Structures are given as C-alpha cells and as structure tokens.
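Okay, so here's the structure we're looking at.
Just so it is clear, the model here is predicted, and its values are computed rather than measured.
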Amino acid sequence: MMTRPLTPPDGRPLRIANCSGFYGDRLAAMREMVDYGEVDVITGDYLAELTMLILARGRLKDPDAGYATTFVRQLSDCLADATAKGIRIVANAGGLNPAGLAQRIRTIAADQGIEVTVAHVEGDDLTGRAADLGLGTPLTANAYLGAFGIAEALRRGADVVVTGRVTDASLTVGPAIAAFGWGPEDLDALAGATVAGHVIECGTQATGGNYSHFTELPDLLHAGFPIAEVAADGSVVITKAPGTSGAVTVGTVTEQLLYEIGGARYAGPDVTTRIDTAVLRQDGPDRVAITGVRGEPAPPTIKVSRNLLGGFYNEMTFVLTGLDIEAKAALVRAQLDDALAAAPPKDIRYTLARTDHPDAADQQTASALLHVAVRDTNADTVGRRFSSAGIELALASYPGFSATAPPGKESPYGVFDPGWVERDAIEQVVVIGGERIDIPSGPAVTVALEAVAEPSVPAFDPSGETVRAPLGAVAGARSGDKGGNANVGVWVRDDDAYRWLVDYLTVDRVRELLPETAELPIERHLLPNLRAINLVLIGVLGEGVASRARFDPQAKGIGEWLRSRHVDIPRTLLGSADIPEDHR
C-alpha cells in the first residue's frame, strides 16, 4: 500500500484542528476548517460518558447503528475537498461500531467518485468479555485506547481514521506520533501532545466558549474552532483561524486545561502527563505557547467506560406563585408522599428553586419552581402512577396550582461506572485495506511513582482592607463531570492573587461556599504554574450524569456557582475597578 508522509515540510509544526467537542456540536465546523485549509489534520471528539449510553440504546434497536450520524453528514459534505487538500481526518465518531462507520464512509466515497483510504481502530469494546474480566454485566464496556493505533493507521496512508472509545487527547497525539516518529519512550513529547489534545478536544471552549471572563472578549458571536501547532519536541502553540470570533489567550487556554482533570498527574494509556509542569505564555494575538510539559510512564491498567441500566426516572415541576411559597411546597410534598405511600419510589427528591421576587411586576418573576424527581428499578412505580398522582392535585392543593408539563411516562436511565483492566487484556487492532494490524499494549510503569508533594506557595499577607465581593471578581473557573465526581478548576491571573487563593480556598471553605458538598470528600490540588487550584467534589453527581442526581447533572455550572459566592477579597487584588452592580 502506498503511504503518504504526514511529516510537515521544512520542520514546521504539525497543524491539528478540531471540529467537534461533543455529539451535537456545530455541524458546519468541519466545513469551516476544510475551507480554511491551512491544517494537516482535522480531529473530532464525539464521545462522552452519556453519549456511549445513547449510542448503546440506538444499537439495541438497530444493530447497524452505534456511531455518530452527524459525523457522516459532515464528512459527506467535506470529504472531497479534504482529500483534495491532503487533510487527514481523525475522529472517535465510531462509538460502538467503528467498523460500520468505516464502511459507511467507503460507500460515501464510492458514491462521490473519491479515492480515499479509510481505516478504523477496534479493540476497545470489552462488553462480550466483561464478566470474564471482572467488569460485571454492563450494557457497554469500552476501554480507553491510546494513540498508537491511530498513528499506525496514518503511517499506512489512511486519509480518514475512525475509532471507538479512545482518550480524547489521543485524537491529537496519534497524528503527532505518525508525523514525528515518536515511540512509547518519548514521554515528554507524548505528554506535550496530550496537553495539546486536551486543550482542543472540547472545541471552542479553548477559544472563548464557556469562558468565565467572556465579557472581556470583543466578539463571541461565532467562535472559531481551535488549532494546535505541535512541534517535534512536543511543545505546542494553540491558535485559531484568522478572522474568526472568540479569542485564544492564556486565560481561555488555562481554563480549558483545568477542565475535568484531577491532580498533577493526568494518567492516560500511553503516558502520564504532569499537568503541573505546563508553562503557558501569550505568543502573539490569538496564540498561546505551552512548553515544559513532562511525561511519566503510563499506569499498569487501562480505564474502562462502563454503562449500566440503573432503572427508571420521571419528574414533574410545579409552579408556585406569589405568597406562602414554602407552605405551598410543603403541602405538595405531603400530598405526594401520601399518594405514593403504598409503593413509594426508591428515590424521591424535592428541589425548591426560589426564583420568585417579592412585589413582582410580572407573574413569571413572582413564581418559584418545585421540582420533583423519582427513580426506581420498577417502571410502574415511577411511571403514570407517579405523574398522575401529581396532576390529580390540580384542584385539591395550593392556590394557583400549575405544572410545567402534562403527566409523562417513565424513562430509563443509565449509570456510568468506571472500571480498570490490565493492559494485556486489550487487543487493539487497526483495520486498513483488508489488513488487520495488532497494536501492542505498550509499556507501563512497573514501580509505584513517588507521590506528588504539595507545592510550597508563599503565604499571603492578610493585613489590609477587604471588600465583600464575588469570588469571580478575581478568579475564573471551569467545572465538569467525571463519573459521579465533579471537577472544579479555579484560577487567577497574578501571583499575589494566587497566594491569597491558596490560603483562602481551603477544603473547609469550599464546603462552606458550596453547601451541597458539606458532607462529601473533597480533594484539593495546587497547580502553581497555572496559578490554579483543582477541586474534586467526590460523589456530588451520584451515579453520574445519566442518573440525573442533581439539578446540574454534568456539573457545568458549579464553577460559576462558586464564582458567584461572596467572599472577603483584599482590596489590593481588586485594584481601582468598581464591582459591577449585578455582581454585588
């Protein structure tokens, strides 16, 4: 088979773009990047913990399904132009059926008269072997594969590579391995590319999307997707296409780098990346350089994404208007508990959102919302029996009774539960041109790594005037979910603010500011190079996003909730700027 080199000419960096951060991201993004054209590879991340469950349900109905259909639509539009420009495409859109997606792409290419080489990577699906591997009997069990399978496919001339469950960063690391010839021993280079992949895998979150200080950006109307310029030594510059909205700054990149990580070590199947070694520097307009990243050996086990059917779920929301809101909520609760007493749901949760305002000028702002959610392994318990009990209160409960929706049926919900298997249990295979190539599991650390000591940060001088203001007046944050845990990365822009943040934002203070976490274990990790603290709120999401255990099941807003809490901030950190009226 003829191979086309991916190595950039003249020693320039490899330019890797992203066109998708989740299943449902901007459909036009691949077209935007192909039309820009100044990239070597376009990657797309379509898989999240919840997505795997959604694809599993789809495949139960149709054995030929199980992959991201939006990717098919994007590629149908862009394949000819991408191939003509020599742009490789790498995506994990294969989901639970990468072979099926690869064949679908070949059919598209044939229908359009395009000569294209398509490869897929398989071996992540452990569902059929789950019990033998000690993983129980989940609905799905998919190992997080690494980057070397992708790299082998590209080295063998693949124009399009689709995978199932790989780590998000592997979509970027694989092309870099193929371009620069790295081996498993090139830990620092692999770690640098892993950081690049982690920054761009969520698309426009690296270019101003979901950015804490978004009001500082001049234009966020149509944020451009990010591009990572990866050099042969693993150093990287994050940028975007000229003329697109959004911004690439140390702040936007820092915030994304903190997204859904744990401590200083970011373990993956190919390398353990020391996030605490990354150094960020503004390298010009919309250019941020990331250097100094160190890598350590990968761990001896591979993480497995397991999805199980947890049971059935239903919900109702009651609108409470005007006076006596607490009494109205208490009445609904008492009446529903009584109506369901003969066969109560396993889990019933009442959440009262006090969105009401006194003496409101319109009815909506005079109203509060009482949300009731029920879960049980028995569908009948939380089906019409529950929702009918709620609606039957319409003429027999609080004054002004109203609900946001009519009675509904129960819905199944899933539970995400990670597992781990030994590396040699994985049988990763690249399929290209009718050939099957086994990919070695790679080396792993054989001795325990020393614990990362908490870095020493000089104490902040607590003397001086303080101002009562939101934490967000000096700090940015980004939060997200990892199974049942939430990760909250909090960062500031200068050394004085960081010294104060380290002293102030203790675990006890977090529990005080976020009362939902008062009884939960919390990990706190200091990352001085990023002027950041990463918080892991253990168990705050129950059994994971699909179990819908709380109002914000993916923890996307916890960081902004924390930023909104009022604290005593030293006046010296606020400077002369006034606190906006709506922030007081």
What I'd like to find out is whether the side chain of [X] reaches to under 4.5 Å of the side chain of [Y], using heavy atoms alone.
{"X": "K409", "Y": "F312", "value": "no"}
{"X": "P418", "Y": "W420", "value": "yes"}
{"X": "P13", "Y": "V230", "value": "no"}
{"X": "P175", "Y": "L6", "value": "yes"}
{"X": "I522", "Y": "T517", "value": "yes"}
{"X": "R88", "Y": "V161", "value": "no"}
{"X": "I275", "Y": "R265", "value": "no"}
{"X": "I89", "Y": "D159", "value": "no"}

Please find the pair of heavy atoms, one from [X] and one from [Y], that lie closest to each other, and give the distance.
{"X": "L190", "Y": "D270", "value": "CD1-O, 4.2 Å"}
{"X": "I177", "Y": "A151", "value": "CG2-CB, 3.6 Å"}
{"X": "A143", "Y": "I426", "value": "CB-CD1, 3.5 Å"}
{"X": "A555", "Y": "S479", "value": "O-OG, 2.6 Å"}

Please say whether more than 12 non-hydrogen atoms of neighbouring residues, nucleotides or ligands are located less than 6.0 Å from [atom1] in [X].
{"X": "K346", "atom1": "NZ", "value": "no"}
{"X": "R385", "atom1": "CZ", "value": "yes"}
{"X": "R73", "atom1": "CZ", "value": "no"}

In a check of side-chain contact (heavy atoms from CB on, under 4.5 Å) between [X] and each of [options], which one passes?
{"X": "E122", "options": "E427, R436, Q428", "answer": "R436"}
{"X": "L171", "options": "I150, I200, V41", "answer": "I150"}
{"X": "L55", "options": "N97, N307, L47, T140", "answer": "L47"}

Does a donor on one side chain and an acceptor on the other come within less than 3.5 Å for [X] and [Y]?
{"X": "T207", "Y": "T204", "value": "no"}
{"X": "N314", "Y": "E410", "value": "no"}
{"X": "D276", "Y": "N529", "value": "no"}

Do we get R26 above F225's six-membered ring, with its NZ or CZ under 6.0 Å from the centre and within 45° of the axis?
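Judged by the rule (NZ or CZ under 6.0 Å from the ring centre, within 45° of its axis), R26 is not positioned above F225.
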
Between H198 and Y266, is the gap from one ring center to the other below 6.0 Å?
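Centroid distance H198-Y266: below 6.0 Å, so yes.
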
When the aromatic ring centroids of F71 and Y46 are compared, is their separation below 6.0 Å?
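Aromatic pair counts; centres sit under 6.0 Å.
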
For the CG atom of D481 and the CG atom of N487, what is their distance to the nearest 0.5 Å?
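Result: 8.5 Å between the selected atoms.
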
If I take atom CG from residue L79 and atom CD from residue Q74, how far apart are they, to the nearest 0.5 angstrom?
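Nearest 0.5 Å value for the CG-CD distance: 12.5 Å.
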
List in chain and number order the residues that pass ring-ring contact (aromatic ring centres under 6.0 Å, His included) with F180, two or more places apart in sequence or in another chain; answer none if no residue qualifies.
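W182.
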
Set out, in order, the CA-CA distance, both residues' side-chain angles and the distance that settles salt bridge (charged side-chain N to carboxylate O under 4.0 Å, His left out) for D40 and R15, then state yes or no.
CA-CA 5 Å; D40 303 296; R15 292 172 59 81; 5.8 Å; no

Can you tell me if D186 uses its side chain to pair, donor with acceptor, with the backbone of G183 under 3.5 Å?
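Side chain of D186 to backbone of G183, a donor-acceptor pair under 3.5 Å: yes, one is there.
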
Do [X] and [Y] sit within salt-bridge range, that is, some charged N less than 4.0 Å from a carboxylate O?
{"X": "R31", "Y": "D77", "answer": "yes"}
{"X": "D168", "Y": "R165", "answer": "yes"}
{"X": "E260", "Y": "R478", "answer": "no"}

